[in-house]
Protein chains: 2
Amino acid sequence: MAVTIKDVAQAAGVSASTVSRVLNNKGVISEETRKRIWDTMKELEYVPNDVARSFANGSARAFALVIDVVDVRAYANNFFNNTVFGIETAAHENGYNLMITNEKSVEDEISPVQKLVLGKKIDGIVIPISMADESLLEKLNDLGFPSVILGHLDEGRTETSWVDINNTQGGALAVRHLIKKGYRNIAFLYGNDKEQFNQDRLTGFSRGVSAGGMDVKQELICHGLSGVEDSRECVLGLLRQEDRPDAVVCGDDRLALGALRAAKAAGVAVPRDFGIVSFDNTPLTELADIPITSLDVDTFELGRQAAEILIQQIEEPETSFRQVLLSTKIIGRASTERESEEE
Amino acid sequence: MAVTIKDVAQAAGVSASTVSRVLNNKGVISEETRKRIWDTMKELEYVPNDVARSFANGSARAFALVIDVVDVRAYANNFFNNTVFGIETAAHENGYNLMITNEKSVEDEISPVQKLVLGKKIDGIVIPISMADESLLEKLNDLGFPSVILGHLDEGRTETSWVDINNTQGGALAVRHLIKKGYRNIAFLYGNDKEQFNQDRLTGFSRGVSAGGMDVKQELICHGLSGVEDSRECVLGLLRQEDRPDAVVCGDDRLALGALRAAKAAGVAVPRDFGIVSFDNTPLTELADIPITSLDVDTFELGRQAAEILIQQIEEPETSFRQVLLSTKIIGRASTERESEEE
DNA sequence: ATGAAAGCGCTAACAT
DNA sequence: ATGTTAGCGCTTTCAT
């Protein structure tokens, strides 16, 4: 059997409670016995039974990240990877373990998250916005259970903590970059217009256009696009218009790729006569025929911040909720690399 | 406070042990009391305290997946995502939780994995081959601690369980596909020749070439390549040779992209005069200018199998070790889509 | 500054 | 078929 706190106590000639106090840096212990106990622990290669500790003090020293097994596609682009790594890193640094759980309730059974929470296996939870049902959030809130959301619904909500990419800033930055490069008639392509992040990007885009002293033209804004082919057709259409755009901001890498192909098909030179910027900075943009300028966001940092906020909520339950937006930065590539027409 | 087993026992007019027996389907309980106890549990919304259960019976009902935070790049291509999802799915189906942990020992501290193992927080562990130190494996083996490796070193080792992609089969399959399409002089490009998976792919490639009745030509085998540019230069060189290849098998998507660009630069038509096959079937191959034929492997299934083997080892410790190789399949795309010259 | 003892919620012998 | 009891390893109050 494994060596227990009693073994250590006995070997060091003290009581178990004293060993416990040393282990937890609690109470007042004479420097001498403290050292003796540490030495004994080393010598016996004592490793505390964390399950017993959790049981005794009611805290698991762990939290969970909910994943969406159904929508695997949502986790392409390394978003998931880096974010998980960021979460794990922060968790580890603070002595927490990270669990991964899906939230697919099996018929008639309690949901996985509820089971973890009520089964005391976790002290907090990270929930991607796609998994954040109103009902789940409400339950957690009722329990006063620490949680943080990856993504957000609306900035008005302050009764919950979340971290997200600053998509509004990103949209504006994309436009600013294009304007600096001398583009003047900028289109915006994106997918599902119900998604908050797309709405934010559009908002940012529009602000950027206005800030640049230009009009936002509805006919240059296309949504509901999914994938390269959709985008290609859409951009081909735009390029045939009388008032054709000289640049486009794309909601994701595939749309950008489609735009690039459309330009090629239409015989429009990139970047000279047509600039392209995309969100997400995936390998697809970096490795495109003409490398595509992209908005990058530190998804590792996103995860880390989420974890740190969560840990703070766990350890200081009185802390107020916090919301964090991470700025994007522009990775300039060939698709916008023409001489500026400014000044 | 939460409702406990005692509350249920009291409300149902039985002892705690009877409730426990119902909960665990152990012993013999009259149908009547069983039903009454289930009803009471529902009524009181009883959720067992899993930590207490783990503590009492010494099993955490959880296992861990080790990740390599340092080498984030290794987890590109969605490999990591899908595999994690597969592991989680199997874990969940069997009532286990999944933990994620890195294995970066902090100075002077016990390693994260050891802490989990000795702290009784997990009953088993999944280790990617890149993280599988000889010393770690040895420690786990000494403890008789259930573990399974993602990937493998050599097939001779049977004192450990692992699951892996059948890279040898994949290499041979790639060649067979090319031969069927009429290609006759096939090159092989890959990265680090120290990696077992690359060695296996090369072995498969060579077997495929031999099986096709052709000679394996050393001058058509290039290793140490990393990235598009490396590959492009290498293939340009090959295409300038007297005995130039009419097809290439690439160890990853980027090398394939490089090969495609080289062919274009050299004015060699793909697929007519030059066929390209790559491993991994990432978006990069699917969305290339000329979509690239690729070897696909079900990484979700890889994770699922790993988890199932692990769970079996946990629940039936006497089980012998198991090794599983998952076959790849070929996803035919334009890069090899020419009329067969066979028959 | 340290020890004794109770108890966290559940399981598993042992009784009956 | 069900109840009683001890105990899993640790923390924590209460003594001293």
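Every chain is numbered from 1, with letters handed out A, B, ... down the list of sequences.
- To the nearest angstrom, P of C/dA1 lies 14 Å from CZ of A/Arg36.
- A salt bridge does not link B/Glu316 to B/Arg322: none of the charged nitrogens lies less than 4.0 Å from a carboxylate oxygen.
- Of the candidates A/Arg36, A/Glu43, A/Lys35, A/Lys35 is the only one forming a side chain to side chain contact (heavy atoms under 4.5 Å, CB included) with A/Asp39.
- Atom CD of B/Glu301 is surrounded by more than 12 heavy atoms from other residues, nucleotides or ligands within 6.0 Å.
- As a whole-Å value, the separation of A/Glu31 CD from C/dA1 C1' is 13 Å.
- Using a distance-only test at 3.5 Å, with no hydrogens or angles considered, a donor-acceptor pair links the side chain of A/Asp123 to the main chain of A/Ala60.
- Rounding to whole angstrom units, CG of residue B/Asp7 and C1' of C/dG9 are separated by 10 Å.
- With salt bridges taken as basic N to acidic carboxylate O contacts below 4.0 Å, none links A/Arg304 and A/Asp298.
- Nearest to the side chain of B/Val28, among D/dG3, D/dT12, D/dA1, sits D/dA1.
- Comparing C/dA1, D/dT2, C/dA12 by their nearest atom to the side chain of B/Ile29 picks out D/dT2.
- Not one side-chain nitrogen or oxygen of A/Ser17 sits closer than 4.0 Å to the OP1 or OP2 atom of C/dA4.
- DNA chain D is contacted by B/Phe55, B/Ala56 of residues 37-61 of chain B, taking any non-hydrogen atom closer than 4.0 Å.
- For the pair B/Lys120 and B/Ser30, nearest-nucleotide mapping onto DNA chain D gives the more 5' position to B/Ser30.
- For the OP1/OP2 pair of D/dT4 and a distance below 4.0 Å, the side-chain nitrogens and oxygens of B/Ser15 include no atom meeting the criterion.
- In this structure, the side chains of B/Trp162 and B/Val324 stay at 4.5 Å or more apart for every pair of heavy atoms.
- Residue A/Val19 is out of contact with every strand shown, counting any heavy-atom pair closer than 4.0 Å.
- Protein atom NZ of B/Lys121 is 21 Å distant from nucleotide atom P of D/dC8, rounded to whole Å.
- At a threshold of 4.0 angstrom between heavy atoms, the contacts of A/Gly13 are confined to the sugar-phosphate backbone, with no base atom among them.
- Here the P atom of nucleotide D/dA1 and the CZ atom of B/Arg21 are 11 Å apart, to the nearest Å.
- B/Lys6 has its NZ atom 21 Å from the P atom of D/dT2, to the nearest Å.
- Side-chain atoms of B/Ser30 come within 3.5 Å of backbone N or O of B/Thr33 as a donor-acceptor pair.
- Residue contacts for B/Thr18: at a heavy-atom cut-off of 4.0 Å it reaches the sugar-phosphate backbone alone, with no base atom in range.
- Distance CG (A/Asn24) to P (C/dA1): 17 Å, rounded to an integer number of Å.
- Among the protein residues, A/Thr4 comes within range of the sugar-phosphate backbone only, with heavy atoms under 4.0 Å from sugar or phosphate atoms but none that close to a base.
- Formation of a donor-acceptor pair under 3.5 Å by the A/Glu103 side chain with backbone atoms of A/Met131 is not found in this model.
- The side chain of A/Lys26 contributes an N or O atom lying less than 4.0 Å from OP1 or OP2 of D/dT12.
- Spacing between atom CD of B/Glu32 and atom P of D/dA1 amounts to 12 Å, rounded to whole angstrom units.
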